[in-house]
Amino acid sequence: MLTKKQHELICFIADRLADTGVSPSFEEMKDALDLKSKSGVHRLISALEERGFLRRLPNRARALEVVKMPERGETKKAATPKSTVVAMPRPAPQPANDVIEIPLHGRIAAGVPIEALEGSTMLPVPAALLGSGDHYALEVAGDSMVEAGIFDGDYALIRRQETARDGEIVVALIDEMEATLKYFRNEGSMVRLDPANRSYDPQRYRPDQVRVQGKLAGLLRRY
């Protein structure tokens, strides 16, 4: 039997999947259930998984599948026993620690552009670091973004998108050959890619030379 919040959450997810085909984000679920933090959403989802109502699809962000639905209005409060049953104790719920695997596509320059490498390696990432959309990761090579807190060897978590606003940190593919991680800015008839290191100069290109491949969504760092 589900709690009231568990029942509300699975109904919200099912309705969103029926409307859009995409499960809601953790932020949307938190707001819909009037919860104080996303950790409450993680606990509810884990509980629904344990009871066989939800299933998380691997290697995809925001990928939830409704396996079965409870009866509408069926909650713990409304439940009454029909017979005497000796219930075995459930194991204690485990702390929410959601991890999603996203593709790791080689190394990207944070200094002079280098050729973007494609690979099939997967990188486990805490789900809390990712929002909506499709994501991939790139290992940072270079020091031109150090003043933005991005260091050599960091893993840049990138949300796939083809447009950018001034001031956003993006993955820019230059001349369909080389990729770089920089601040994106429009400068008259040119596109300017700015480093975050005073030792490096901005790079200027014609708009037809630059293709945005994603926006920085987060960072992972190993110590």
Side-chain angles (χ1 to χ4, degrees), residues 22-23 25-28 38 57-63 98-223:
V22 179
S23 58
S25 68
F26 284 96
E27 186 69 27
E28 290 170 330
K38 294 179 185 178
L57 303 178
N59 304 333
R60 292 171 55 194
R62 290 180 60 181
D98 296 329
V99 173
I100 295 173
E101 289 191 336
I102 61 176
L104 175 59
H105 291 325
R107 290 170 63 84
I108 185 169
V112 179
I114 60 173
E115 184 178 3
L117 301 176
E118 292 290 326
S120 58
T121 303
M122 305 299 290
L123 180 70
V125 176
L129 293 181
L130 304 176
S132 61
D134 188 21
H135 293 77
Y136 62 94
L138 291 165
E139 185 178 358
V140 175
D143 62 356
S144 79
M145 296 299 288
V146 293
E147 292 172 15
I150 303 171
F151 298 96
D152 184 77
D154 285 351
Y155 291 99
L157 310 179
I158 308 298
R159 182 184 187 275
R160 293 185 191 273
Q161 60 183 59
E162 297 179 353
T163 59
R165 293 179 292 184
D166 279 4
E168 291 183 330
I169 297 177
V170 303
V171 173
L173 186 66
I174 300 168
D175 293 327
E176 298 297 323
M177 293 179 60
E178 298 174 319
T180 188
L181 187 70
K182 292 288 185 294
Y183 284 108
F184 177 91
R185 300 189 190 280
N186 287 294
E187 187 179 62
S189 61
M190 304 292 285
V191 170
R192 194 179 82 218
L193 301 177
D194 286 344
N197 185 330
R198 296 168 197 174
S199 300
Y200 291 83
D201 295 325
Q203 303 164 4
R204 292 174 174 83
Y205 301 94
R206 299 188 313 273
D208 64 319
Q209 291 181 280
V210 179
R211 182 158 63 91
V212 174
Q213 292 194 305
K215 182 180 77 170
L216 182 70
L219 284 172
L220 277 182
R221 180 172 300 151
R222 293 179 178 174
Y223 294 93

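Hydrogens, waters and symmetry mates are skipped; everything else that's a heavy atom, side chains included, is used. Everything quoted here is computed from the prediction, not taken from an experiment. In what follows, residues are counted from 1 in the order of the sequence shown.
The line from NE2 of His135 to CG of Leu123 is 12.5 Å long, rounded to the nearest 0.5 Å. Considering CD1 of Ile150 and CZ of Arg221, their distance stands at 9.0 Å, rounded to 0.5 Å. Distance check, rounded to the nearest 0.5 Å: OG1 of Thr121 to CD of Glu139 gives 10.5 Å. Of the inter-residue distances, the one linking Arg107 atom CZ with Tyr155 atom OH reads 9.0 Å to the nearest 0.5 angstrom.
For Val146, the side-chain contact (heavy atoms from CB on, under 4.5 Å) partners two or more places apart in sequence, or in a different chain, are Asp143, Phe151, Asn197. With sequence neighbours excluded, the residues forming a side chain to side chain donor-acceptor pair (under 3.5 Å) with Asn186 are Asp166, listed by chain and number. Residues meeting the side-chain contact (heavy atoms from CB on, under 4.5 Å) test with Glu187, sequence neighbours left out: Arg192, Arg204. When the side-chain contact (heavy atoms from CB on, under 4.5 Å) test is applied to Arg206, the partners found at least two apart in sequence or on another chain are Met190, Asp208, Gln209. Take Arg159 and apply the side chain to side chain donor-acceptor pair (under 3.5 Å) test, not counting sequence neighbours, and it matches Gln161. Remark: Glu176 pairs with Leu173, Arg211 by the side-chain contact (heavy atoms from CB on, under 4.5 Å) rule, at least two apart or across chains.
Looking at every heavy atom in both residues, Met145 comes nearest to Asp194 through SD-O, 4.1 Å. Heavy atoms only, all atoms of each residue included: Pro126 and Leu220 are closest at CD-CD2, 4.2 Å. Across all non-hydrogen atoms, the minimal contact from Asp152 to Ala141 is OD1-CA, 3.3 Å. Between Ala196 and Tyr183, the closest heavy-atom pair is CB-CE1, 3.8 Å. Residue Ala137 comes nearest to Leu157 through the heavy atom pair CB-CD2, 4.1 Å, listed as atom of the first residue, atom of the second, then distance. Annotation for Ala164 and Val170: closest pair CB-CG1, 3.5 Å, computed over non-hydrogen atoms.
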query = Given Ile158 and His105, is the side-chain contact (heavy atoms from CB on, under 4.5 Å) satisfied, shown in steps?
reply = CA-CA 10 Å; Ile158 308 298; His105 291 325; over 6 Å; no

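Just one of Val212, Ile108, Thr180 meets the side chain to side chain contact (heavy atoms under 4.5 Å, CB included) condition when paired with Val171; it is Ile108.
Using a 4.5 Å heavy-atom threshold, the side chains of Leu193 and Phe184 count as touching.
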